[in-house]
Amino acid sequence: MPENCLRHEPQLHYEKFNNHKPLTLITVGTLDGRKNNILLLKSISLMSHKTDIRLNIVGNGPLEKSLKKYVLNNNLEEIVTFHGKLTREEVGALFKTSHLNILTSIMEGNPTVVWEAMEAGVPTLSLDHCGMHDTVTSTAGFPIKIDIEEHLIQSIADTIDMICENPNILIEKAQNVINEASKYLWPERRKKFNQLYKIAIDNFNRKKS
């Protein structure tokens, strides 16, 4: 059960759907092995519609140099932009114009970026494990089944290609993000936590008696 909550009421910025080309992707986090950004870059390299997308990479870290080298060696410079470390407000502005949030971490808790995307009505594509498994649903996002690396790379590439071919699916997913987000607002979370505490106390009291 995720401990995170939304800081603000979610808002969907419909104007970005007036033109799906390029399809704007965003990934946010430290550029290290745990975040596994190379998996996404390898997937983009395999895409049939890679010229129809743009990827914003936000963050810095020890693998920044090698990731930039991969982009250069695979002719992805026109597709991928490295923004470095940005303020929360700057990241929020990017989310408003993004169609899809991507998270390819191999180890996570409940990453803040999922909630930041949710506040902006942005669906998330993520590996279906860790905290993302409990938050990113097939109704409002794109959970990717865990598999060997080769299959994961192809699955991500195929999913983004499918979105490029059927961009209206993003509007449906984004609307579902807004619908699902309501249960993660603080008043609802407090209500849920209090229900669980009551169950725990009642169970404890029954055992005592």
Side-chain angles (χ1 to χ4, degrees), residues 11-29 31 35-59 63-64 66-84 86 90-105 113-114 116-128 132 136-145 147 149-178:
Q11 290 186 330
L12 182 51
H13 304 274
Y14 284 97
E15 61 276 7
K16 66 187 173 188
F17 295 113
N18 294 334
N19 186 1
H20 296 98
K21 286 189 178 181
L23 187 73
T24 305
L25 317 178
I26 184 171
T27 184
V28 181
L31 304 183
K35 291 293 185 180
N36 199 25
N37 300 88
I38 190 63
L39 189 74
L40 174 56
L41 294 180
K42 288 179 178 178
S43 298
I44 289 174
S45 297
L46 292 182
M47 285 180 58
S48 301
H49 299 287
K50 59 176 168 280
T51 56
D52 293 335
I53 70 169
R54 295 294 180 270
L55 171 63
N56 292 309
I57 297 180
V58 179
L63 296 185
E64 183 174 353
S66 63
L67 292 171
K68 287 181 175 179
K69 184 177 180 181
Y70 183 91
V71 166
L72 185 64
N73 290 344
N74 289 273
N75 301 313
L76 300 177
E77 312 98 288
E78 297 298 317
I79 296 170
V80 180
T81 300
F82 288 87
H83 291 269
L86 300 179
E90 290 169 329
V91 174
L94 278 177
F95 269 121
K96 288 179 182 178
T97 59
S98 297
H99 297 104
L100 184 65
N101 174 45
I102 300 188
L103 193 62
T104 51
S105 302
V113 67
V114 172
E116 291 175 331
M118 200 179 290
E119 285 181 352
V122 179
T124 293
L125 181 156
S126 75
L127 304 188
D128 190 23
M132 297 86 76
V136 179
T137 68
S138 57
T139 304
F142 302 89
I144 303 296
K145 182 181 177 182
D147 206 330
E149 183 182 27
E150 181 182 353
H151 293 169
L152 275 177
I153 292 169
Q154 191 63 59
S155 292
I156 294 170
D158 290 345
T159 301
I160 302 175
D161 271 331
M162 179 273 293
I163 296 170
C164 289
E165 293 168 3
N166 305 277
N168 285 337
I169 194 174
L170 282 171
I171 302 177
E172 178 186 341
K173 297 276 188 181
Q175 290 169 334
N176 289 337
V177 167
I178 297 297

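- The number of heavy-atom neighbours closer than 6.0 Å to CD of E165, taken from other residues, nucleotides and ligands shown, is above 12.
- The one candidate from T137, V177, T139 that meets the side-chain contact (heavy atoms from CB on, under 4.5 Å) condition with P123 is V177.
- No donor-acceptor distance shorter than 3.5 angstrom exists from the side chain of K35 to the backbone of S105, with no hydrogens or angles considered.
- Counting heavy atoms from C-beta on, the side chains of L63 and K68 never come closer than 4.5 Å.
- Surrounding CD of E150 are at most 12 heavy atoms belonging to other residues, nucleotides or ligands under 6.0 Å away.
- With I144 as the fixed residue, the side-chain contact (heavy atoms from CB on, under 4.5 Å) test singles out one of D128, D158, L152: L152.
- By the 4.5 Å heavy-atom criterion applied to side chains, C164 and L23 are counted as neighbours.
- Side-chain contact check for L55 versus T81: every heavy-atom pair is 4.5 Å or farther apart.
- Residues satisfying the side-chain hydrogen bond (donor to acceptor under 3.5 Å, both in side chains) criterion with T124, sequence neighbours excluded, are N101.
- Of all heavy-atom pairs spanning K50 and I79, the tightest one is O-CD1, 3.3 Å.
- Looking only at side-chain heavy atoms (C-beta outward), I163 and F142 come within less than 4.5 Å of each other.
- Separating the CD1 atom in I57 from the NE2 atom in H83 is a distance of 9.0 Å, to the nearest 0.5 Å.
- The number of heavy-atom neighbours closer than 6.0 Å to CD of E90, taken from other residues, nucleotides and ligands shown, is above 12.
- In this structure the side chain of N37 reaches within 4.5 angstrom of the side chain of T27, judged on heavy atoms.
- Smallest separation of non-hydrogen atoms from S138 and P143: CA-CD, 3.8 Å.
- Ion pairing of K42 with E149 is present here, as a side-chain N (NZ or NE/NH1/NH2) and a carboxylate O approach within less than 4.0 Å.
- Side chain of N36 to backbone of T104: a donor-acceptor contact under 3.5 angstrom is found.
- To the nearest 0.5 Å, atom CZ of residue F82 and atom CG of residue N56 are 11.0 Å apart.
- Using modelled atom types, one finds no donor on one side chain facing an acceptor on the other under 3.5 Å when comparing E172 with N168.
- Here the closest heavy-atom approach between residue L41 and residue L76 is recorded as O-CD1, 4.1 Å.
- Y70 has its side chain within reach of S45: a pair of non-hydrogen atoms, C-beta onward, lies under 4.5 Å apart.
- To the nearest 0.5 Å, atoms NZ (K21) and NE2 (H49) are separated by 8.5 Å.
- Listed here is the closest heavy atom pair of L125 and L100: N-CD1, 4.0 Å.
- H99 places a side-chain N or O within donor-acceptor distance of the main-chain N or O of T24, the cut-off being under 3.5 Å.
- In this structure, the separation between CD on Q11 and CZ on F95 is 15.0 Å, given to the nearest 0.5 Å.
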Please determine whether side-chain contact (heavy atoms from CB on, under 4.5 Å) holds for the pair I178 and Q175, giving the CA-CA distance in whole Å, both sets of side-chain angles, and the decisive distance to 0.1 Å. CA-CA 5 Å; I178 297 297; Q175 290 169 334; 5.8 Å; no
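- A donor-acceptor contact shorter than 3.5 Å is absent between the side chain of R54 and the backbone of I26.
- Taking the side chain as every heavy atom from C-beta outward, I160 and S43 never approach each other to under 4.5 Å.
- Taking both residues in full, the closest heavy atoms of K96 and H13 are given as CG-NE2, 3.4 Å, listed atom of the first, atom of the second, then distance.
- Side-chain contact between I156 and L39 is present, with heavy atoms from C-beta onward closer than 4.5 Å.
- The minimum heavy-atom distance between S48 and D161, with the atom names listed, is N-OD2, 2.9 Å.
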